[in-house]
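Below is one structure, written out as structure tokens; comments come after it.
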Amino acid sequence: MEVRIIHYLCTKIIYKKMFAQKISDTLYYVGVNDRKNELFERMISLPHGVTYNSYLLVDEKVTLFDSVEICYAEESIDKIRRVLGERKVDYMILHHIEPDHSSGIRQYLAVYPDMQLVCTKKAAEMLQGYYGITANIKTVDEGEELSLGSHKLKFIFAPMVHWPEVMMSYEQTEKILFSADGFGCFHTLDGAVVDKQLNIEPYIAEMERYYVNIVGKYGLPVQNVFKKLADYSIDTICSLHGPVWQEHKDRVMGVYDRLSKYEGAEGVVIVYGSMYSHTEAMAEAIACGAHEITKNVIVHDASKSDVSQIITDIFRYKGFVVGSPTYNGAIYPRVQEVVERIEHRGLKNRVFAAFGSFTWAGQAVKLLNEFGQRMKYDVVDPIEVKHAMQGDDDYNRLYSLGREVALKCKN
């Protein structure tokens, strides 16, 4: 049923003939750009779009690495046909069964019915559950190898990065890591596929936002994969989203390593909600104090800033200051959403402070402070004012709070 619904939603996609892009003498990019979808997983904004990546390796055995989202399957298949002509695909390696990478499988099987699907046992269960596919599936074990001719694959399990069935595969001849969603990012590929052809800075920024919002909860599983990858010499990383990484592969692995360790850089992120600007004025005072110590100060109005960007910045910097008026005896809803997302992701190792205002009965600051203690952050004493800041004393207290948080981050 869900596949049919997705297909209905895709009816406005106009089929267009496309050409594969060559990565090496034997490896082709047959993935697609999605510039139409505004929300990834119907939640996360996509101002620069996203890709669904698929790769074709041509050897004695022709191997396709992953499907694409159902809307774009025909586009990917057209690219494959332009490379292969009448030749058939022998294997499809399925690293991850989330529907943005698997919902097009039936379209590929309609063209290549003898293609063998290679995946983990858990992925095979999902193939049956999502699509009713039970035939011609080869399940593999951790460390198992598959010869394609002059190329040979070795399978590396990566459970909970970020689903339980995930695996990666390492091609030993060209030293290519097919990394599933690992080392992926948002952003379309606008005419080029390999990183050395691109201005990568927008992709690095979107990689951080992708990691925090998609993988962020699973820092320990990511670190477990890094331990496994230490045994491999990697020249190329082929992720399921974003560019092919070669020239900058060490940098992107560093991004995932840093974020999965919950290491924050020196700096302070101040997030606030404010109905009538009184809590906003408090945030401004805190920002002034923090700026005395560090240049890295970011202030977010939770009612306006994209929540995916707010939590990305909180992951990026060590200091996390959050403010809210008391709203119906609780935290202002937009601020509550930020706090819940951070708690859900288990973000560790932050310097934290709460602040806020109230009119007749304060409660938000108490609840925010309890959140900081529950997360085992380095908690600075909170500040709460009744009605609004009244003068220099209130301003100076808030200024000092910002300064104290920034000093703790610097030290």
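Looking only at distances, no side-chain donor or acceptor of Asp195 sits under 3.5 Å from a matching main-chain atom of Pro243.
Listed by first and then second residue, the ring pair (Phe, Tyr, Trp, His ring centres under 6.0 Å) pairs involving residues 262-291 amount to none (not counting sequence neighbours). Annotation: ring pair (Phe, Tyr, Trp, His ring centres under 6.0 Å) contacts involving residues 319-346, sequence neighbours excluded, comprise Phe320-Phe352, Tyr327-Tyr332. Listed by first and then second residue, the ring pair (Phe, Tyr, Trp, His ring centres under 6.0 Å) pairs that reach into residues 100-124 are His96-His101, His101-His241, sequence neighbours excluded.
With sequence neighbours excluded, the residues that form a side chain to side chain donor-acceptor pair (under 3.5 Å) with Arg209 are Ser45, Glu206, Ser308. Scored by the side chain to side chain donor-acceptor pair (under 3.5 Å) test, Glu86 finds no partners at all (sequence neighbours excluded). Remark: Asn37 pairs with Asp34, Arg42, Leu46, Tyr52 by the side-chain contact (heavy atoms from CB on, under 4.5 Å) rule, at least two apart or across chains.
Side-chain contact annotation: Glu60 with His151, donor-acceptor N/O pair under 3.5 Å absent. In summary, the side chains of Ser24 and Glu174 do present a donor paired with an acceptor at a separation below 3.5 Å, with no hydrogens or angles considered. Judged by distance alone, the side chains of Gln246 and Thr236 do bring a donor and an acceptor atom under 3.5 Å apart. Remark: the Thr51 side chain and the Asn33 side chain contain no N/O donor-acceptor pair separated by less than 3.5 Å. If you check the side chains of Gln223 and Asp257, you find a donor sitting under 3.5 Å from an acceptor. Side-chain N/O atoms of Thr134 and Gln128 include no donor and acceptor closer than 3.5 Å.
With respect to the salt-bridge test (charged N to carboxylate O, under 4.0 angstrom), the residues Arg258 and Glu263 do not qualify. Glu370 has a carboxylate O that lies under 4.0 Å from a charged side-chain N of Lys366, or vice versa, which qualifies the two as a salt bridge. Residues Lys138 and Glu144 are paired through a salt bridge, judged by an N-O separation under 4.0 Å between the basic side chain and the carboxylate. Between Glu125 and Lys121, no side-chain nitrogen of the basic residue sits less than 4.0 Å from a carboxylate oxygen of the acidic one, so the salt-bridge criterion is not met. Between Lys408 and Asp378 a salt bridge is recorded (basic side-chain N to carboxylate O distance below 4.0 Å). Checked for salt-bridge contact, Glu266 and Arg316 miss the test: no charged N lies under 4.0 Å from a carboxylate O. A salt bridge links Arg374 with Glu343; the closest basic N to acidic carboxylate O contact falls under 4.0 Å.
Closest approach of Ala302 to Arg334, counting heavy atoms only: O-CB, 3.7 Å. The shortest non-hydrogen separation linking Cys409 to Gly267 is SG-O, 3.7 Å. Closest non-hydrogen pair, Val268 versus Tyr317, comes out as N-CB, 4.3 Å. Counting all heavy atoms, side chain and backbone alike, Asp381 lies closest to Leu401 at O-CD1, 3.6 Å. Residues Ala123 and Ile97 come closest through the heavy atom pair CB-CG1, 3.6 Å.
Around NZ of Lys249, the count of heavy atoms belonging to other residues, nucleotides or ligands within 6.0 Å exceeds 12.
Rounding to the nearest 0.5 Å gives a distance of 4.0 Å between CD of Glu171 and OG1 of Thr173. Thr120 OG1 to His95 NE2: the interatomic distance, rounded to the nearest 0.5 Å, is 10.5 Å. Taken from CD in Gln116 to CG in Leu146, the straight-line distance is 8.5 Å, to the nearest 0.5 Å. To the nearest 0.5 Å, atom CE of residue Met207 and atom OG of residue Ser239 are 7.0 Å apart. Interatomic distance, Asp190 CG to His48 NE2, rounded to the nearest 0.5 Å: 10.0 Å. One finds the OG1 atom of Thr279 at 12.0 Å from the CD atom of Glu284 (value rounded to the nearest 0.5 Å).
A distance of 6.0 Å or more separates the ring centres of Tyr55 and Tyr28.
Looking only at side-chain heavy atoms (C-beta outward), Ile176 and Leu27 come within less than 4.5 Å of each other.
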